[in-house]
Amino acid sequence: MRKLLAAGAVTAVSLAGLAACSPSDAGSEGGDVTMTFWHNSTTGAGKAFWDSTVADFEEANPGVTIKTQSIQNEEMDGKLQTALNSGDAPDIFMARGGGKLADVVAAGQAMDITDLIDDETRAAVPEGVLSAFAIDGKIYGMPTAVLPGGIYYSGDLFAEAGIEETPATLDELGDAVDKLKGAGVDPIAVGAKDAWPAAHWYYFFAVRACSQDTLNTAAETMKFDDPCWLEAGQNLSDFVDTEPFNNGFLTTSAQQGAGSSAGLLANKQAAMELMGAWNPGVIASLTPDEKPLPDLGWFPFPEVDGGEGEPGAMMGGVDGFTCSAEAPQEECSAFLNFFMQKEYQEGYAEAFQTIPANQDAQEVVEDEALLAIIESYNEAPYVTVWLDTLFGQNVGNALNTGVVDLFAGQGSAEDIVSAVADAAAKG
């Protein structure tokens, strides 16, 4: 692990000569400022990264204190929504763009940082990545990581099953599933207990079935009458019927412990998992020695015959952080710019085993799976945001629930589309 920049060496993006704070942003007596910061790194290198980065920022900016709270990922959305609804939101909180962020912006709960992004950050972060946090032409968040999705796999288990090439088509994926079953290995791990990992399968079938225009139109109109939505659900249903998933997948969590879907891959109990680019870091934290899985590989979601999605299209997200509308503007935006410096983005990439949003820091990425993702990402004709993020919390939750019901044999492709349409109609 690369050492993080020592606190004493940090001089950039400081707030020398801070003006006196207004009553709304003064956190303590004497004009000092205190901000609250919520992130989802509860243990290990990720938590240590944020602890160190916050300490460095505080040292570079005397009088500014950041109180950090780490919240388990699956609990973050619910706790944040409760805090927002109660008017007690943290000053700095996680954001992923799309409809979820649009809802927060519409409620007047997020800070417009368009004119607060410094020149160094703008030069290092591609406009297309910054625009993931754009609502009506204004930017309401700072990206930290680019997180395209695809299928992670164990090279050792593939070799043991006689799989020589990674699947490029759905038929080839089916053949790989059959070979892994024949070798006595659970082919694919999925954490359906947490809903969204199962829903990812529908999302990717939708990216293959639906054109980019259809996806964009649905995000704007919240209408799901194009036949591709039903086609995606039917393709998923047919795939689920082949029984490709781990035993007990409906009660398997995504990232918590050796028995989670990431843990099954980390401990060679399953051969594949469909997930975003944060997965190598999660898997590394769950291996027996808590080190990266040496044989971890990655390939894009396979192509599916008959769909209108352009070959090579990807789905993913951009993780980042937003300032509350009530946060002290100068100090909060300074912290967002601070952690986007190359040194900190390199530290972020190594702590989380992921792809940093700062393109100047991407040279630190050495993981073979992540390098494969970067190559596919750079060649993709377009990248669509995770559908539950794109469509907002209410529609996204209905979509995720509908997919889990299909996985459980309690719903159909038609039920997914109707549940999403009903949620959209309710607003």
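For reference, positions follow the sequence shown, starting with 1. Note: hydrogens, waters and symmetry copies are ignored here, and every other heavy atom, side chains too, is used.
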>> If you apply the rule side-chain contact (heavy atoms from CB on, under 4.5 Å), what do you find for I416 with V403, and how did you get there?
In response: CA-CA 6 Å; I416 293 174; V403 174; 4.0 Å; yes
> Would F299 and M272 count as a side-chain contact (heavy atoms from CB on, under 4.5 Å) if you check the C-alpha gap in whole Å, the side-chain angles of each, and the deciding distance to 0.1 Å?
Replying inline: CA-CA 10 Å; F299 60 92; M272 290 180 274; 3.9 Å; yes
>> Please determine whether side chain to side chain donor-acceptor pair (under 3.5 Å) holds for the pair D238 and Q234, giving the CA-CA distance in whole Å, both sets of side-chain angles, and the decisive distance to 0.1 Å.
In response: CA-CA 6 Å; D238 292 343; Q234 190 56 58; 3.0 Å; yes
> Run the side-chain contact (heavy atoms from CB on, under 4.5 Å) check on R122 and E127 step by step: do they pass?
Replying inline: CA-CA 8 Å; R122 283 195 178 275; E127 186 64 31; 4.2 Å; yes
>> Please determine whether side-chain contact (heavy atoms from CB on, under 4.5 Å) holds for the pair E350 and V364, giving the CA-CA distance in whole Å, both sets of side-chain angles, and the decisive distance to 0.1 Å.
In response: CA-CA 8 Å; E350 293 193 325; V364 77; 3.1 Å; yes
>> Let's go through E414 and S412 carefully: what are the C-alpha distance in whole Å and the side-chain angles of both, what is the deciding distance for side chain to side chain donor-acceptor pair (under 3.5 Å) to 0.1 Å, and is it a yes or a no?
In response: CA-CA 5 Å; E414 291 83 359; S412 65; 3.2 Å; yes
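Checked against the 6.0 Å centroid threshold, F339 and Y348 do not count as a close aromatic pair. In this structure, F321 has its ring center no closer than 6.0 Å to that of F335. Checked against the 6.0 Å centroid criterion, the rings of F391 and F224 qualify as a close aromatic pair.
Taking 4.5 Å as the limit, some side-chain heavy atom of N337 sits within range of a side-chain heavy atom of M142. When side chains are defined from C-beta on, L264 does not count as touching D186, because their heavy atoms never get closer than 4.5 Å. For the pair W229 and T214, the minimum side-chain heavy-atom distance is below 4.5 Å. Residues V190 and T252 fail the side-chain proximity criterion, which asks for heavy atoms closer than 4.5 Å. A heavy-atom distance below 4.5 Å is not found between the side chains of Q69 and P90. In this structure, Q329 and M111 have side chains that are in contact, with non-hydrogen atoms separated by less than 4.5 Å. Contact of the D77 side chain with the R96 side chain is registered, since non-hydrogen atoms from C-beta on lie closer than 4.5 Å. Proximity of V365 to P356: side-chain heavy atoms (C-beta onward) are separated by under 4.5 Å at one or more points.
With hydrogens and angles ignored, the 3.5 Å screen pairs no side-chain donor or acceptor of S261 with any backbone N or O of A189. In terms of modelled atom types and a separation under 3.5 Å, the side chain of Q345 and the main chain of A357 share a donor-acceptor contact. Under a 3.5 Å cut-off, the side chain of S376 and the backbone N or O of I373 do not form any donor-acceptor pair. A donor-acceptor contact shorter than 3.5 Å is absent between the side chain of T401 and the backbone of A398. When atom types are taken as modelled, the side chain of S52 and the backbone of F49 share no donor-acceptor pair closer than 3.5 angstrom. Panel note: side chain Y152, backbone G276; a donor-acceptor pair is recorded below 3.5 Å. Using a distance-only test at 3.5 Å, with no hydrogens or angles considered, a donor-acceptor pair links the side chain of Q109 to the main chain of L84. A donor-acceptor distance shorter than 3.5 angstrom exists from the side chain of N358 to the backbone of M340, with no hydrogens or angles considered. N246 contributes no side-chain N or O that, together with a main-chain N or O of S260, makes up a donor-acceptor pair within less than 3.5 Å. For the pair D388 (side chain) and N397 (backbone), a donor-acceptor distance under 3.5 Å is absent.
With hydrogens and angles left out, the side-chain atoms of D213 and S211 include no donor and acceptor closer than 3.5 Å. Between the side chains of N85 and Q81, at least one donor N or O sits under 3.5 Å from an acceptor N or O. In the model, S253 has no side-chain atom that pairs as donor or acceptor with a side-chain atom of D194 under 3.5 Å. Between the side chains of Q393 and D103, no donor N or O sits under 3.5 Å from an acceptor N or O.
When all heavy atoms of A413 and L406 are compared, the pair lying nearest together is N-CD1, 3.7 Å. Between A313 and R208, the shortest heavy-atom contact is O-NH1, 2.9 Å. Smallest separation of non-hydrogen atoms from G297 and A369: C-CB, 4.1 Å. For the pair V33 and M35, the tightest heavy-atom approach, listed with the atom from each and the gap, is CG1-CG, 4.1 Å. Of all non-hydrogen atoms in W38 and A83, the two that sit nearest each other are CH2-CB, 3.8 Å. Between P328 and D91, the closest heavy-atom pair is CD-OD1, 3.8 Å.
With rounding to the nearest 0.5 Å, the separation of NE2 in H200 from CD1 in I151 is 12.5 Å. Taking CE from M314 and OG1 from T384, the interatomic distance works out to 10.5 Å, rounded to the nearest 0.5 Å. Atom CD in Q362 sits 11.0 Å away from atom CD in E346 (nearest 0.5 Å). One distance of note links OG1 of T121 with CG of L130; it measures 8.5 Å at 0.5 Å rounding. The distance from atom CG of L336 to atom OG1 of T322, rounded to the nearest 0.5 Å, is 8.0 Å. Here the CG atom belonging to L147 is positioned 4.5 Å from the OG1 atom belonging to T354, to the nearest 0.5 angstrom.
Counting non-hydrogen atoms of other residues, nucleotides and ligands closer than 6.0 Å to CG of D136 gives a total of 12 or fewer. N378 CG: more than 12 foreign heavy atoms inside a 6.0 Å radius. Crowding of E75 atom CD: a count of heavy atoms from other residues, nucleotides or ligands under 6.0 Å exceeding 12. More than 12 heavy atoms of other residues, nucleotides or ligands shown are found within 6.0 angstrom of CD on E363.
Shown are Y203, Y202, W201; of these, the side chain to side chain contact (heavy atoms under 4.5 Å, CB included) with F205 is made only by W201.
Taking the six-membered ring where the residue is Trp, F245 and F407 present parallel rings, their angle staying beneath 30° rather than reaching 60°. The aromatic rings of F338 and Y344 are tilted relative to each other, their planes meeting at an angle between 30° and 60°.
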